[in-house]
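Working notes for the structure below.
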Amino acid sequence: MPQTPSSASPLPQALPLEIEARRAELASLVMRHVPHEGMHATAIPKLDLIRGDAPTEQSIPALYEPSLCLIAQGRKQANLGEEVYFYDPLHYLIASVALPISGRVIEASPGEPYLCVRLSLDVAQITELIAETGVPQPPRSQSSRGLFVERVDSPLLDAMSRLLRLLETPKDIPTLAPLIIREIYYRLLQSPQGARLQEIAIVDSQSHRIARAIEWLNQHYHRPLRIDDLAQVVNLSSSTLHHRFKSMTAMSPLQYQKQLRLQEARRLMITEGLDASAAGYRVGYESPSQFSREYSRQYGAPPLRDLARLRTSA
């Protein structure tokens, strides 16, 4: 399976002593607030904690909003199109734009569960930080992909642990959490991949305009899409939009829209009990047969069989 240059090695790596101490501290903090499997919202806005007690057999599709995913224990695999990204306690994952991704936990057990901290990224706050601090721009990365893996360092782990410790003193959260989150953003901007975040945050850069195109598609995925119209919305030529969009997301705007439609249709059938035809129409398909064909290609089975498989595995 293809692997991007930014993805971590699929083989576990020994952690340096200082990093291991920070990781163990972070894992202990996460465990205090995740009594069972699943995603747990916290009292800190935009901060979620995730626990998994066993590897997941199938990759689970989801729309990853701009976020930092920092693993304290276990390992996970994320797929963007044909690209594969591995991340673990030595490597964090960043989605700088909203991306339809499938992922699965590949290392977890009841004794040592998968533990992850997810912090949503506020691009507006990152833009303000760049303007206020004059953060030096790191060397431009060779890729403009909106998903990447970077090696973790001790200052980032320390900042995240301090953020989680605020959960034990709720009265301090309104004052101190924004300061620590700002520090975390600063650490990310200073990382070897920091240029990717800066490109998204700089208003009127081409990367910023592609991020706007992605946002527009997320809001209007059920509508018919004409590339010329989308290009006009973000003030780019159609060819530049197509090229830069694919460079950032590993897919064309039309492919991206299809991913959004199929994921939302699947969610509607699972959570709201819609049948395949109704779900297909809701997300913009005019032909039930086309919806079924594209659904089968995406999930490996027609809607009814896929839902039966999901219910059985649950």
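None of the values given here were measured: they were computed from a predicted structure.
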Side-chain donor-acceptor pairs of residues 35-44 under 3.5 Å, sequence neighbours excluded:
from, atom 1, to, atom 2, distance (Å)
Glu37, OE2, Asp53, N, 2.6
His40, NE2, His36, O, 2.8
Thr42, OG1, Ile44, N, 3.1
Thr42, OG1, Ile44, O, 3.2
Thr42, OG1, Leu47, O, 2.8

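Sorted by first and then second residue, the pairs that involve residues 158-174 and meet side chain to side chain donor-acceptor pair (under 3.5 Å), not counting sequence neighbours, are Arg22-Asp158, Glu25-Arg165, Arg32-Glu168, Asp158-Arg162, Arg162-Glu183, Thr169-Asp172. The stretch residues 269-278 participates, sequence neighbours left out, in these side chain to side chain donor-acceptor pair (under 3.5 Å) pairs: Arg267-Thr271.
Ring centroids of Tyr87 and Tyr92 are separated by 6.0 Å or more, keeping the two rings apart.
In terms of the side chain to side chain donor-acceptor pair (under 3.5 Å) criterion, residue partners of Asp48 (sequence neighbours excluded) are, by chain and number, Arg118. Applying the ring-ring contact (aromatic ring centres under 6.0 Å, His included) test to Tyr221 and every residue at least two apart in sequence or in another chain returns nothing. His243 is linked by a ring-ring contact (aromatic ring centres under 6.0 Å, His included) to nothing, counting only residues two or more places apart in sequence or in another chain. Not counting sequence neighbours, the partners of Arg182 by the salt bridge (charged side-chain N to carboxylate O under 4.0 Å, His left out) test are Glu132. Scanning for side chain to side chain donor-acceptor pair (under 3.5 Å) contacts around Tyr64 gives Lys76, with sequence neighbours left out. Every residue meeting the side chain to side chain donor-acceptor pair (under 3.5 Å) condition with Asp122, not counting sequence neighbours, appears here in chain and number order: Gln125. Qualifying salt bridge (charged side-chain N to carboxylate O under 4.0 Å, His left out) partners for Glu20, counting only residues two or more places apart in sequence or in other chains: Arg23. With sequence neighbours excluded, the residues satisfying side chain to side chain contact (heavy atoms under 4.5 Å, CB included) with Ser287 are Ser289, Gln290. By the side chain to side chain donor-acceptor pair (under 3.5 Å) test, Tyr285 pairs with Glu294, sequence neighbours left out.
In the hydrophobic clustering of ILVMFWY residues, with side-chain heavy atoms under 4.5 Å counting as a link, Ile210 and Met251 come out together. Following chains of ILVMFWY side-chain contacts shorter than 4.5 Å, one can reach Leu179 starting from Leu68, so the two form part of one hydrophobic cluster.
For the 3.5 Å distance criterion, the side chains of Ser144 and Arg244 fail to qualify, holding no donor opposite an acceptor. Between the side chains of Glu199 and Gln206, no donor-acceptor pair of N or O atoms lies under 3.5 Å.
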